[in-house]
Amino acid sequence: KNEVEQSPQNLTAQEGEFITINCSYSVGISALHWLQQHPGGGIVSLFMLSSGKKKHGRLIATINIQEKHSSLHITASHPRDSAVYICAVMKRGADGLTFGKGTHLIIQP
Amino acid sequence: EPEVTQTPSHQVTQMGQEVILRCVPISNHLYFYWYRQILGQKVEFLVSFYNNEISEKSEIFDDQFSVERPDGSNFTLKIRSTKLEDSAMYFCATQRTGEGTQYFGPGTRLTVL
C-alpha cells in the first residue's frame with residue numbers, strides 16, 4: 001500500500017472552476033509538501049506545511065495532522081495551471097521525501 | 001532568483017557504461033538530494049547528503065550508485081555500470097537547512113540502451 005495517496009488521479013475542469021486535490025498519508029510526518037510538475041518534467045515546490053493553512057496567490061494548501069490529510073485548492077483556475085500536482089511527505093526521522101503518484105490536472109479554456 | 005542546475009539535460013549511454021550526473025546547488029544550501037522518476041511512475045528518493053557524507057539512502061541506492069561533492073560546488077551522482085532499468089529522469093534537490101523547502105533542478109533524462 002502506498003504511504004501517500006492522492007485523489008483524483010486525473011482531473012479535467014473548465015477555466016474559472018475551483019479545484020481541490022486531496023492527499024492522505026499513513027505515516028508520521030514532520031512536514032508535507034505540495035509540488036507542481038510541468039509537462040517538460042521540471043518540479044517546483046509550491047508549499048511546505050506542518051500545520052494549518054498557507055496561501056499563495058490563487059493557491060491554498062491545508063493540512064489536518066490528526067486526520068493525516070491535506071488538500072490543495074486552486075481558485076479561479078486557468079489553463080496555465082495545467083500540470084501534475086504532487087503531494088510528498090517528510091516522514092518523521094527521515095531525510096528524503098516520499099511522494100504520491102500525482103494528480104494530472106487539465107484546465108480547458 | 002538562485003536556482004539548482006543540472007548537467008547534462010539528456011544522457012544516452014550503453015548498458016554497462018558508467019555515467020556521472022552533475023548538479024550545482026544553490027550556493028548557501030547545505031543539504032543535497034537525488035531523486036529519480038521512471039517514465040510514468042512517481043518520484044522516488046535515492047539519497048541525501050550532508051556535511052560531505054551520505055545521511056540516508058533508499059533501497060534503490062545500491063552499490064552501483066555513489067555520490068560525492070568533489071570540489072565543494074558540484075554534487076554528483078555516479079552509476080557505475082548502468083542497467084536498462086536505470087533509464088529515468090534524475091532530479092537533484094537542495095535545501096538550505098534540514099527542514100524547509102527543497103529546490104529541484106530541471107532533471108537529467110538518462111536513457112540506457
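Each chain gets a letter, A, B and so on, in the order its sequence line appears, and its residues count up from 1. Because only heavy atoms are used, hydrogens play no part in the values below, and waters and symmetry mates are left out as well, while side chains stay in.
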* Treating Ile, Leu, Val, Met, Phe, Trp and Tyr as nodes and any side-chain heavy-atom pair under 4.5 angstrom as an edge, say whether V4(A) and L46(B) lie in one connected cluster. => no

* Indicate, with yes or no, if F65(B) and I20(B) share a hydrophobic cluster defined by side-chain heavy-atom contacts under 4.5 Å among Ile, Leu, Val, Met, Phe, Trp and Tyr. => no

* Can you get from I26(B) to F32(B) by hopping between Ile, Leu, Val, Met, Phe, Trp and Tyr side chains that sit under 4.5 Å apart? -> no

* Asked: So which of A94(A), G96(A), G100(A) has the biggest tally of heavy-atom pairs under 4.5 Å with chain B?
  -> G96(A)

* Minimum-distance pair of heavy atoms, taken over all atoms of L97(A) and F104(B) -> CD1-CZ, 4.4 Å

* Asked: Is the CG atom of D63(B) crowded by more than 12 outside heavy atoms at less than 6.0 Å?
  -> no

Can you check whether chain A and chain B share any donor-acceptor pairs under 3.5 Å, and give the atom names and distances if they do?
| unit_1 | atom_1 | unit_2 | atom_2 | d |
| --- | --- | --- | --- | --- |
| Y35(B) | OH | L97(A) | N | 3.1 |
| Q37(B) | OE1 | Q37(A) | NE2 | 2.8 |
| Q37(B) | NE2 | Q37(A) | OE1 | 3.3 |
| K42(B) | NZ | N2(A) | OD1 | 3.3 |
| S48(B) | OG | D95(A) | OD2 | 3.0 |
| S55(B) | OG | D95(A) | OD2 | 2.7 |
| E56(B) | OE1 | D95(A) | N | 2.4 |
| E56(B) | OE1 | G96(A) | N | 3.3 |

* For atom CG of L39(B), decide whether the heavy atoms of other residues, nucleotides or ligands shown that lie under 6.0 angstrom number more than 12. => no

* Toward chain B, the part of A88(A) with a non-hydrogen atom under 4.5 Å -> neither

* Name all residues meeting the side chain to side chain donor-acceptor pair (under 3.5 Å) criterion together with D71(B); count only those two or more places apart in sequence or in a different chain, and write none if there are none. => S73(B), N74(B)

* To do: Could you check I43(A) against F91(B) for side-chain contact (heavy atoms from CB on, under 4.5 Å), going step by step and ending with a plain yes or no?
  => CA-CA 9 Å; I43(A) 296 175; F91(B) 292 101; 3.8 Å; yes

* Can you get from F99(A) to L32(A) by hopping between Ile, Leu, Val, Met, Phe, Trp and Tyr side chains that sit under 4.5 Å apart? -> no

* Same cluster or not: are L11(A) and I74(A) linked, directly or through other Ile, Leu, Val, Met, Phe, Trp or Tyr residues, by side-chain heavy atoms under 4.5 angstrom apart? -> yes

